[in-house]
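A quick write-up on the structure given underneath.
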Amino acid sequence: GARVTVIDRNGQVLGDSEADPATMENHAGRPEFVEALAGRLGVSTRFSRTVGSDFLYVAVPASAGALRLALPLSEVAARVGALRSSILAATVLALAPAVLIAAWLARRVSGRLSRILSLSRQIAEGNFRAPAPPAAGGELGQLGRALHAAAQRLQTMFEELQDERSRLAAAVNGIGEGILLADREGRVILANPALERMFPREKLSPGASLGLWSASEVPELFERVFRQGSSDAIHLAVTAPLERSWKVSCAPISNISGKA
């Protein structure tokens, strides 16, 4: 426990809980008593020759002079350590529910986000029929529903484009004249059967380059029409497999913005 010492205003020891006051020297010069006799709180740490160990001294003014409490530093350290452990344990106990709730919320949000990311990847890969994520509230729920609605709209547009392409192909394939559609890079988009019969040796599959044609007049015609933005025509003669000649007409097809 703490050691108690009482002195008068002259520093004479009046009482001590662990030593005989009559055998103790004057304490007026001890730092903690100097502060206490001046009316202030005095605190000091040093080695006690009387007891033989390091002490923490705290002195306060008293009516007779001053009163001092002394506690071994080893005991102070032990008490501080115990207090820190108690504070740490209380902090852990106080934070544990918050940590558990945060972990549960993080796992829940992570699960929703992973399902939304999965839906996004499927849409990016062209799977517009990907199932909608489970119904949920909040911003993530709204995002999931918006993505699924967008996927449904894209699926509808894709199906409409497919139908339009099929109708166009059917119409073009039924025409007796040869028809060839190509993009600005000179790649084949569509060639009808009539054209394939006219030029059996040419590569007319979608994506084939017009630059591979044996007759350079054809790619040059397309390039000229793209550059000029107006129609043009040439007379093309071939000798194989039969000697024949055609009038080849080419016209640009404008998009919505009017660009060929």
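This one's a predicted model, so the numbers in the text were calculated from it and none came from an experiment. Because only heavy atoms are used, hydrogens play no part in the values below, and waters and symmetry mates are left out as well, while side chains stay in.
Taking each heavy atom of A66 and L37 in turn, the nearest pair found is CB-CD2, 4.0 Å. Scanning both residues, E25 and V13, for their nearest heavy atoms gives O-CG2, 3.7 Å. Counting all heavy atoms, side chain and backbone alike, V225 lies closest to D232 at CG2-CB, 3.8 Å. The shortest heavy-atom contact between R3 and A19 is NH2-CB, 3.9 Å. Between L236 and A215, the closest heavy-atom pair is CD1-CB, 3.8 Å. The two residues I253 and L181 have their closest heavy-atom pair at CD1-CD2, 3.9 Å.
Atom CD1 of I234 is separated from atom CH2 of W246 by 12.0 Å, given to the nearest 0.5 angstrom. Taking CZ of F33 as the reference point, atom OG1 of T5 lies at 5.5 Å (rounded to 0.5 Å). Between S205 atom OG and E196 atom CD the span is 9.0 Å, to the nearest 0.5 Å. Atom OG in S214 sits 11.5 Å away from atom NZ in K203 (nearest 0.5 Å). Separating the CD atom in E160 from the CG atom in D163 is a distance of 8.0 Å, to the nearest 0.5 Å. The CD atom of E177 sits 7.0 Å away from atom CE of M198, with the distance rounded to the nearest 0.5 Å.
With salt bridges taken as basic N to acidic carboxylate O contacts below 4.0 Å, none links R30 and E32.
In R244, the CZ atom is not crowded: 12 or fewer heavy atoms of neighbouring residues, nucleotides or ligands sit closer than 6.0 Å. Annotation for E164: atom CD does not count as buried by contact number, only 12 or fewer foreign heavy atoms lying within 6.0 Å. Taking a 6.0 Å sphere around CD of E223, one finds it holds 12 or fewer heavy atoms contributed by other residues, nucleotides or ligands.
In this structure, the side chains of V218 and F199 stay at 4.5 Å or more apart for every pair of heavy atoms. Contact check for V43 versus L56: side-chain heavy atoms found under the 4.5 Å cut-off. Counting heavy atoms from C-beta on, the side chains of S231 and C250 never come closer than 4.5 Å. Residues V60 and L41 are in side-chain contact: their nearest non-hydrogen atoms beyond the backbone lie under 4.5 Å apart. Using a 4.5 Å heavy-atom cutoff, the side chains of F55 and L69 are not in contact.
Remark: side-chain polar atoms of N10 are not paired, donor with acceptor, to backbone N or O of Q12 under 3.5 angstrom. Panel note: side chain D183, backbone I189; no donor-acceptor pair is recorded below 3.5 Å.
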Step by step, work out the side-chain contact (heavy atoms from CB on, under 4.5 Å) result for D54 and T45. CA-CA 7 Å; D54 291 322; T45 57; over 6 Å; no
Run L204 and W213 through side-chain contact (heavy atoms from CB on, under 4.5 Å) and show every step you take. CA-CA 9 Å; L204 298 173; W213 272 59; 3.5 Å; yes
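A cation-pi contact links R46 to Y57, judged by a cut-off of 6.0 Å to the six-membered ring centre and 45° from its axis.
Tested against L180 for a side chain to side chain contact (heavy atoms under 4.5 Å, CB included), the candidates L210, N192, V248 yield a single pass: L210.
L14 and V4 fall within a single hydrophobic cluster, where Ile, Leu, Val, Met, Phe, Trp and Tyr side chains are chained together by heavy-atom contacts under 4.5 Å. Connection of L154 to F158 is established within a shared hydrophobic cluster, with ILVMFWY side chains joined at heavy-atom distances below 4.5 Å, either directly or through further cluster members.
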